[in-house]
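One structure is given here, and the rest of the page talks about it.
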Amino acid sequence: MGYNVAVVGATGAVGREMLRTLAERNFPADKVYALASQKSAGREVSYGDDEVIKVEALDSFDFSNAHIALFSAGGDTSKAYADKAGKAGCIVIDNSSAFRMEDDVPLIVPEVNPDAVEGCLIANGGRNIIANPNCSTAQLVVALKPLHDAYGVKRVITSTYQATSGAGQAGMDELFNQTKGIFVNDQNPPETFTKQIAFNVIPHIDVFMDDGFTKEEWKMRAETKKIMDDSIEVVAHAVRVPVFVGHSESVFVETAKPFDEGEARDLLREADGVSVIDHRANEGYVTPVESAGEDAVFISRLRRDPSIENGMVFWCVSDNLRKGAALNSVQIAELVVARKLAG
Ligand code: A2P
């Protein structure tokens with residue numbers, strides 16, 4: 001059976017990547033709907049190399065026509081439409097943070113906790129909604145999973161270097177225009193970001209919370225616990241950098257059991273969704289530019305942390321629009337199909 005799939009936010013950076021990923025992976029779609037705001041209705045978006053789809057307005061779409069809907073149009077839009085779509089019998093895969101921490105909404109990374117997806121069904125106590133994690137969390141848990149299975153991850157300390165596309169098309173446009181503007185003495189004051197992003201880094205993603213962490217940092221902690229194991233301690237420091245696509249993370253892991261460095265590297269090499277590129281030489285590591293357009297979570301620079309007993313450090317890079325958003329959403333859709341949860 002083929003599926004009718006709706007992409008909500010189809011004109012945005014992640015929505016367009018969702019359409020590309022569905023087509024690339026030959027998702028068994030009979031019909032694909034591209035949905036966005038009223039102002040985009042009638043525009044055309046690409047579906048794969050050969051097909052073009054007319055954008056329809058979300059507010060007049062009947063979700064009983066779709067078996068699966070991939071939402072990436074911001075939290076407010078998800079809050080307004082996801083439950084309505086779920087009640088119409090559609091399985092919603094939501095890329096926003098609106099439902100991630102709700103008990104009746106599973107938060108899924110297919111390489112890590114695929115079985116939790118069953119909880120999405122209304123018949124199983126769910127809301128027909130599945131949440132896709134924050135982009136920085138998705139790549140982190142894919143890397144941590146094989147280490148947790150083998151050695152028990154106790155604590156993770158991470159600093160992130162996050163691309164501007166994490167803030168949508170507007171974030172990329174701001175980096176482009178500010179960078180160009182600096183060369184021609186044309187002022188482009190910050191709008192999407194809080195300070196100048198061109199030739200700068202900004203230690204502030206999402207809003208500040210009472211304890212001094214930002215919401216982005218809190219999400220990495222809370223979502224890792226929900227997806228993997230509540231006992232894992234995570235402390236994150238999230239930074240926006242002048243990169244278009246590809247989030248990087250320096251990750252310091254403390255394990256419960258002792259590990260062998262070579263064995264840990266081999267476990268990561270064999271893990272689903274991970275690619276280890278780790279040569280202690282020029283070019284022997286992956287940077288965000290090389291991760292763009294790729295599906296893998298890349299691990300480089302793995303080494304022992306001499307400051308604690310069972311500690312390791314590595315560098316983790318992934319395309320935030322793919323594994324961090326569109327690819328993970330499509331993989332969840334594939335899981336929904338494999339487990340016959342839709343239709
Ligand atoms: P539109 O282009 O019509 O505004 P990005 O994260 O790259 O900025 O993309 C956001 C996506 O979410 C766009 O496709 C945008 O559509 C869509 N979107 C934002 N708000 C709404 C809304 N209220 N209803 C429908 N789509 C929306």
Side-chain angles (χ1 to χ4, degrees), residues 109-112 133-151 153-166 201 203 205 216-217 220 224 227-228 232 234-255 258-308 310-328 331:
V109 175
E111 294 90 339
V112 181
N134 176 263
C135 39
S136 310
T137 310
Q139 69 186 72
L140 179 68
V141 295
V142 169
L144 292 179
K145 161 81 173 157
L147 302 174
H148 190 50
D149 288 348
Y151 312 118
V153 171
K154 275 174 68 179
R155 182 175 185 223
V156 178
I157 303 170
T158 181
S159 290
T160 69
Y161 308 74
Q162 297 182 220
T164 51
S165 51
V201 298
I205 302 180
E216 183 82 359
E217 293 158 350
M220 288 185 79
T224 300
I227 296 166
M228 285 188 67
I232 298 176
V234 179
V235 59
H237 186 93
V239 181
R240 187 74 70 190
V241 296
V243 163
F244 287 108
V245 176
H247 283 0
S248 309
E249 295 170 351
S250 65
V251 185
F252 295 73
V253 180
E254 183 185 0
T255 58
F259 63 87
D260 174 79
E261 193 186 307
E263 184 191 64
R265 194 176 281 105
D266 288 344
L267 288 173
L268 284 163
R269 202 167 268 134
E270 286 154 20
D272 276 356
V274 177
S275 176
V276 176
I277 298 191
D278 193 9
H279 309 289
R280 292 171 180 176
N282 294 348
E283 303 177 27
Y285 43 82
V286 175
T287 62
V289 165
E290 291 121 24
S291 78
E294 301 289 333
D295 288 350
V297 172
F298 294 98
I299 306 290
S300 306
R301 309 249 8 245
L302 189 133
R303 59 221 190 262
R304 191 170 275 283
D305 174 355
S307 70
I308 50 165
N310 298 320
M312 77 172 78
V313 192
F314 57 84
W315 175 246
C316 171
V317 182
S318 196
D319 181 329
N320 54 299
L321 298 178
R322 289 180 80 96
K323 188 59 198 167
L327 172 65
N328 200 65
Q331 286 176 312

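Please read these numbers as outputs of a predicted model, since none were measured by experiment.
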Got a second to check how far [X]'s [atom1] is from [Y]'s [atom2], nearest 0.5 Å?
X      : Y      : atom1 : atom2 : result
Gln139 : Asn328 : CD    : CG    : 11.0 Å
Glu249 : Thr160 : CD    : OG1   : 6.5 Å
His237 : Ile205 : NE2   : CD1   : 9.0 Å
Ile227 : Lys145 : CD1   : NZ    : 11.5 Å

Which atoms form the tightest heavy-atom contact between [X] and [Y], and what is the distance?
X      : Y      : value
Ala264 : Phe259 : CB-CD1, 4.4 Å
Gly324 : Ala138 : CA-CB, 4.2 Å
Ser291 : Gly246 : OG-CA, 3.7 Å
Phe314 : Leu302 : CB-CA, 3.9 Å
Ser165 : Asn320 : OG-ND2, 2.9 Å
Ala150 : Leu267 : CB-CD1, 3.5 Å

Verify, without hydrogens or angle tests, whether [X] (side chain) and [Y] (backbone) share a donor-acceptor contact under 3.5 angstrom.
X      : Y      : result
Glu217 : Ala238 : yes
Arg155 : Thr255 : no
His247 : Ala163 : yes
Thr224 : Met220 : yes
Trp315 : Phe298 : no

Side-chain contact, heavy-atom cut-off 4.5 Å: [X] with [Y]?
X      : Y      : answer
Ser248 : Thr287 : no
Asn134 : Glu216 : yes
Val156 : Phe252 : no
Met312 : Arg304 : no
Leu140 : Cys316 : no
Val201 : Pro203 : no
Glu254 : Tyr151 : no

* Asked: Are Lys323 and Asp319 within salt-bridge range, i.e. N to O under 4.0 Å?
  -> no
* Asked: For residues Gln162 and Ser136, is any side-chain donor paired with an opposing acceptor at under 3.5 Å?
  -> yes
* Asked: Do Tyr285 and Glu290 have a side chain donor and acceptor closer than 3.5 Å?
  -> no
* To do: Please confirm whether Arg240 makes a cation-pi placement over Tyr161, using NZ or CZ under 6.0 Å from the six-membered ring centre and within 45° of the ring normal.
  => no
* side-chain contact (heavy atoms from CB on, under 4.5 Å), paired with Leu268, selected from Val297, Val276, Leu144 -> Val276
* **Full working for salt bridge (charged side-chain N to carboxylate O under 4.0 Å, His left out) between Arg301 and Asp278** => CA-CA 6 Å; Arg301 309 249 8 245; Asp278 193 9; 6.0 Å; no
